[in-house]
Amino acid sequence: MGIRIGKQMLDENQQIQFTRLWTDAQPTVSQFVASLVRDPWAVRDIVQNVSLVLLRKFAEYDESKPFLPWALGIAKFEILGHRRDAARDRLICDSLFLDQYTQAWADIAPRINHEMEALRLCVGQLDGRPRAIIKLRYADGETSETIADKLNITADNVRTILKRTRDVLRRCVERHVGLQGESA
Amino acid sequence: MSQPDDQFTNDETRFDHLMEQWLESSIDADQQAELLSRLKEHPEEMRRFVEANVRDQMLRDAARGLILMDQVNEVTSSLHQPQRRSLKRIITVVASLAACLLVVLFLFQKSERREAAIETFVSVASLYQTDSPLQNGDRLGSRTIEIQRGFIHLQFDDGVEVTLQGPARYELIGPGKTRLHTGLLTATVPPGAEGFQVSTPTADVVDLGTAFGIEIDAEGVPEVSVFDGEVEVIPTNQQDKRLLQEGEAVRVNQRHEIETSPFDAVTFEKVWPIASGVAGSTGAFQFAPHWPRPMGLVQSDTDIFVLPEGYAQFLNKPLGVNITAPGKVRVAAELSPSDIPAGTRVKSFLLQFKPLDLRDDRATRPNQPNPDELARIVGEITFDRPVLGLIVVGDDLRASDGIFSKRGGQFPQKGRALELSGTPRDDTVTLSEDRRTVKLDLAAHGAFGDQVRVIVDQSFEN
């Protein structure tokens, strides 16, 4: 029994294949969208639309080519069609920028994403003020100024701590990834 | 378009600043135009920009995982508090957490699997009555251990041993570097592993070859007690530091001031048997902590004292022991003597029964007791590692004093061997089939005591 998407019918193998490919690509596509659109609800809508478009067009997908660039290409058009992020309009309205950005993302993200597991471990080891600032900056989306107000320190201090903490995380990730590589 | 600030004379620094503003969403329209122009013209800057954005998104995902973990920890610990909560509320919290945990478990599934490939430097030696999900023999790398109750005995690869008493939160940062956030621990640091460090909220404690304990009170103030050797206590503001000697204790308050405290080993009395490698005992066994102790004066007509004899060590020559086979020994012919090979890593425990010295009041103790009226002292002690051998013969006890005994060998002790003649007035000793439990059944008579030296395996493979 297949499912009908528009005029196309996906057979069971295609459904399984789509699920596998989309499950792998979805985190990277979500990160790509979120890097250009700050509103989390808009990101959710866009990613949902991307998955529907991909499913609808999956019968046309050329299996000899990588799935991620195709998915990112669809996501790029969905972002263009959704332009509501005034703060970032200037960049995302520029089609040349968006093309270059999308292509570079498809090249770079798969090379870095394997560090995610180590990054989670390293972030989990943070303590004290660096831990608090990383949470405020990256989980709550606060700026250096608002973090500074909350912690009663200067914004420059916040930036310095953020930079040092990212350096610490980078070294920690490199160490873990290096060890994984050695033991592989 | 706005002009670049004076401070950004360096072109690369200017680009980094624009990227930061973009990533932080605090970029204005002019800066955005400047950034866009640079990105379109310089592919290398575009590559750096995209990589920074990918990493920024990864960090956001990781930070959200952090918040989720913190919430789980917070609610988990509040569920362990003795406050009364409605069942409905607990079920609601647990149900919502279960959904979160599924996500977290999914996210961390791979990383946990890979953790074995990540640098490990600690083994779990034993656990007692604890809520920890860890198991004996688990290998650990950098991570935080949190327990609400019970004890965990950890062995670092360089020989350092740490025992945690719950509730406690203890972070393994790296080999030789740890942090006690809350709770109580003892650490035993053998020669060669000096420099082992435990950070606390207000001070770093650096070992200089020793055994010490730290307890952090409800206000986050640590109290450091030294049982043996020396430690250095360095307040985190680096303003002052103090060298602590055996028998001394200090607190480092929230203003980072070091205050002298009375040394009180009682705080650590629950943790010390586990820290020493004793899994449990019944009957007459009493634990003699191995910090300042006048063992010659440890006397009792009813108790057998357990004395850990210093650090685990590698034997530099074969060690003769008298009992190596499981079973009960009543007569000397049942001994199973052997040598423990040189190079074996062992720890020694002295089990001592020493009746009260009544030389000033001899009339109270009959010289020729009636065997039918003899009191017997019976007890079992279980170690967390296998027993390699027992020393019960006088000559062998004396020969091994120099290896293990820091103080006991300094004065002659008569009649310390077990009496193994098989009569009702004699002693028996039993080694269990799993070689971890020693049972002593001693005849309590006369002025002489009994000693058994237990040699326990401390090889890292166990």
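Reminder, nothing fancy here: chain letters follow the sequence lines and each chain counts from 1.
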Query raised in the report: Should the pair A/Arg164-A/Asp167 be classified as a salt bridge under the 4.0 Å nitrogen-to-oxygen rule?
Result: no
Query raised in the report: Will you find, in the side chains of A/Thr154 and A/Asp156, an N or O donor that is under 3.5 Å from an N or O acceptor?
Result: no
Query raised in the report: Is it the backbone or the side chain of B/Glu171 that comes under 4.5 Å from a heavy atom of chain A, or both, or neither?
Result: side chain
Report summary line: Honestly, the part of A/Ser144 sitting under 4.5 Å from a heavy atom of chain B is both
Query raised in the report: What's the verdict on ring pair (Phe, Tyr, Trp, His ring centres under 6.0 Å) for A/Phe58 and A/Trp22, showing C-alpha distance, side-chain angles and the deciding distance?
Result: CA-CA 11 Å; A/Phe58 192 64; A/Trp22 177 239; over 10 Å; no
Requested in this report: Measure A/Glu115 against the heavy atoms of chain B and call it side chain, backbone, both or neither at under 4.5 Å.
Outcome: both
Query raised in the report: Can you tell me if CZ on B/Arg139 sees more than 12 non-hydrogen neighbours from other groups inside 6.0 Å?
Result: yes
Query - Contacting moiety of A/Asp140, where chain B heavy atoms sit under 4.5 Å - result: side chain
Query raised in the report: Between B/Gln197 and B/Ser199, does a side-chain hydrogen bond (donor to acceptor under 3.5 Å, both in side chains) hold up when you go through it step by step?
Result: CA-CA 6 Å; B/Gln197 182 178 325; B/Ser199 299; 3.2 Å; yes
Report task. Tell me, out of B/Thr144, B/Asp56, B/Leu35, B/Ile173, who's got the most heavy-atom pairs with chain A below 4.5 Å. Result -> B/Asp56
Report task. Could you tell me which portion of A/Ile134 (side chain, backbone, both or neither) has an atom closer than 4.5 angstrom to a non-hydrogen atom of chain B? Result -> both
Report task. May I ask you to decide whether B/Asp204 forms a salt bridge with B/Lys177, counting only side-chain N to carboxylate O separations under 4.0 Å? Result -> no
Report summary line: So, the part of A/Leu126 with a heavy atom under 4.5 Å from chain B: the answer is neither
Query raised in the report: Measuring heavy-atom distances to chain B, does A/Arg166 have an atom under 4.5 Å in its side chain, in its backbone, in both, or in neither?
Result: side chain
